[in-house]
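Structure record follows, encoded as structure tokens.
Residues: numbered from 1 along the sequence shown.
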Amino acid sequence: MAAKSAANKHRYQIPLGLLQPMWLRSRETLVDNALVYDPIATRACQRCQLAPECFSGDIDQKQLLHVTLARLCDQHVSAFIKRNPDGWIINVGAGLDTRFYRVDNGRCHWLELDVSEHLLWREKLFHRSERYHHLCGSVDDLSWLEQLPIAEKAPVLIVCEHALLDCTERQVAKFVQALGCHFDSAQVCMVLAGDLCNSKLGRKMGTSHYQHGYRSPGEAILNCLPWARWVRTDSPLDRDCGRWKMWQRLVTKLHGYKQRLTPVVVQLRW
């Protein structure tokens, strides 16, 4: 018992918002036919002290929602890399995301972008790679755009899985417009919240508290960047998954509800 207590004292105490997404992927890795297989997260979580708040609420439902969104993002990033093997991926608000290890093709260029204290946790928990780099920045402080070592015509994908969920609609619009003005051509894969995520029904889908809510996320983003070539929206219930309850799949078939009760993945290209 004493040895176990001593081991716990040496585990990292990481903020809940940073740790829980990685822990949910770690839990998913142990599920049969896991939607996301993430042994890197599993090993990292063994070095972390889990706060009691990690277990609050319907963890199984939160896990399902989180990993379904993560899988959708993985699929979009993999498709981009397949079309552009030497392309650039900028992971904004990287946190403790391990997508590089999950989808890397051995050739792509990868930038993990976040505030400095989060990047320090990444350095402690994950092994280094000569093909991905850390860069300080956020969705609010856009000075990092001028520091990017990317050639003008290089294919670029900007990924925002969690960063924009903590932003207001005004902040989201400013961020998207800044990207549109900086890059002549690029693609964005972002997760945005529907306007009913904070409702009682939304909570039963596994949602948390988000700083914005769109009735139609795709249309809202297109309004921010009207010169975009196209915008596409994927709901976590778009792909068949038997772990979603029957009533959840039925509710989202009602007109207009599928994009409003959960966060969705929005792809934008210009």
Any chance you could measure [X], atom [atom1], to [Y], atom [atom2], to the nearest 0.5 Å?
{"X": "T68", "Y": "E28", "atom1": "OG1", "atom2": "CD", "value": "7.5 Å"}
{"X": "Q211", "Y": "D166", "atom1": "CD", "atom2": "CG", "value": "6.5 Å"}
{"X": "K174", "Y": "T168", "atom1": "NZ", "atom2": "OG1", "value": "10.0 Å"}
{"X": "H209", "Y": "C197", "atom1": "NE2", "atom2": "SG", "value": "11.0 Å"}
{"X": "L111", "Y": "L148", "atom1": "CG", "atom2": "CG", "value": "6.5 Å"}
{"X": "R260", "Y": "S235", "atom1": "CZ", "atom2": "OG", "value": "13.5 Å"}

When you look at N105 and K82, which way does the side-chain contact (heavy atoms from CB on, under 4.5 Å) test go after all the steps?
CA-CA 8 Å; N105 68 342; K82 187 175 182 179; over 6 Å; no
Pair [X], [Y]: side-chain N/O donor-acceptor within cut-off below 3.5 Å:
{"X": "D141", "Y": "S143", "answer": "yes"}
{"X": "D38", "Y": "T98", "answer": "yes"}
{"X": "E112", "Y": "N91", "answer": "yes"}
{"X": "Q61", "Y": "K245", "answer": "yes"}
{"X": "Q20", "Y": "Q63", "answer": "no"}
{"X": "R203", "Y": "S199", "answer": "no"}

Test item: [X] and [Y] side chains (from C-beta on) under 4.5 Å apart, heavy atoms:
{"X": "R229", "Y": "S185", "value": "yes"}
{"X": "K204", "Y": "D58", "value": "no"}
{"X": "I40", "Y": "R25", "value": "no"}
{"X": "Y37", "Y": "T29", "value": "yes"}
{"X": "W110", "Y": "I90", "value": "no"}
{"X": "M190", "Y": "I221", "value": "yes"}
{"X": "E161", "Y": "R99", "value": "yes"}
{"X": "F80", "Y": "C108", "value": "no"}

Show the nearest heavy-atom pair for residues [X] and [Y], with the distance to one decimal.
{"X": "L125", "Y": "A44", "answer": "CD2-O, 3.9 Å"}
{"X": "H212", "Y": "C167", "answer": "ND1-O, 2.8 Å"}
{"X": "L145", "Y": "A178", "answer": "CD1-O, 4.2 Å"}
{"X": "F126", "Y": "M22", "answer": "CZ-SD, 3.9 Å"}
{"X": "D238", "Y": "K258", "answer": "OD1-NZ, 2.8 Å"}
{"X": "C136", "Y": "L113", "answer": "C-CG, 4.5 Å"}

Could you check whether [Y] and [X] have their ring centres less than 6.0 Å apart?
{"X": "F55", "Y": "W23", "value": "yes"}
{"X": "H134", "Y": "H118", "value": "no"}
{"X": "Y101", "Y": "H127", "value": "yes"}

Does the side-chain contact (heavy atoms from CB on, under 4.5 Å) test come out yes or no for C224 and F175, once each step is laid out?
CA-CA 10 Å; C224 296; F175 176 69; over 6 Å; no
D104/R131 salt bridge by N-O under 4.0 Å criterion:
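The answer is yes: the pair qualifies as a salt bridge.
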Does R122 come within less than 4.0 Å of D114, counting only side-chain N to carboxylate O?
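Salt bridge flag = no for D114 with R122.
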Find out if a path of hydrophobic residues (ILVMFWY) with successive side-chain heavy-atom gaps under 4.5 Å connects [X] to [Y].
{"X": "V92", "Y": "L192", "value": "yes"}
{"X": "L16", "Y": "L24", "value": "no"}
{"X": "I81", "Y": "W88", "value": "no"}
{"X": "V266", "Y": "W230", "value": "no"}
{"X": "V231", "Y": "V159", "value": "no"}

Main-chain N/O of [Y] paired to [X] side chain as donor or acceptor, under 3.5 Å:
{"X": "H109", "Y": "G87", "answer": "no"}
{"X": "T207", "Y": "G202", "answer": "yes"}
{"X": "S56", "Y": "P52", "answer": "no"}

Neighbour count above 12 (heavy atom, 6.0 Å) for Q147 CD:
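Yes, the 6.0 Å shell around CD holds more than 12 heavy atoms from other groups.
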Can you establish whether the number of heavy atoms outside E117 located under 6.0 Å from its atom CD is more than 12?
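It does: E117 CD has more than 12 such atoms within range.
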When you look at H182 and L179, which way does the side-chain contact (heavy atoms from CB on, under 4.5 Å) test go after all the steps?
CA-CA 5 Å; H182 181 82; L179 296 178; 5.9 Å; no
Please write out which residues are connected to L64 in a hydrophobic cluster, directly or through intermediates, given that two of Ile, Leu, Val, Met, Phe, Trp, Tyr count as joined at side-chain heavy-atom separations below 4.5 angstrom.
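Hydrophobic cluster check, L64: joined to L35, V36, L65, V67, L69, L72, L165, V191, L196, L201, M205, Y210, L237, W244, W247, V251, L254, Y257, L261, V265.
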Determine, step by step, whether Q267 and T233 satisfy the side-chain contact (heavy atoms from CB on, under 4.5 Å) criterion, reporting the C-alpha distance in whole Å, the side-chain angles of both residues, the deciding distance to 0.1 Å, and the verdict.
CA-CA 6 Å; Q267 292 185 85; T233 305; over 6 Å; no
In terms of ring plane angle, is the pair F183 and W270 parallel, tilted or perpendicular, where the classes change at 30° and 60°?
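Because their plane-to-plane angle lies in the 30° to 60° range, the rings of F183 and W270 count as tilted.
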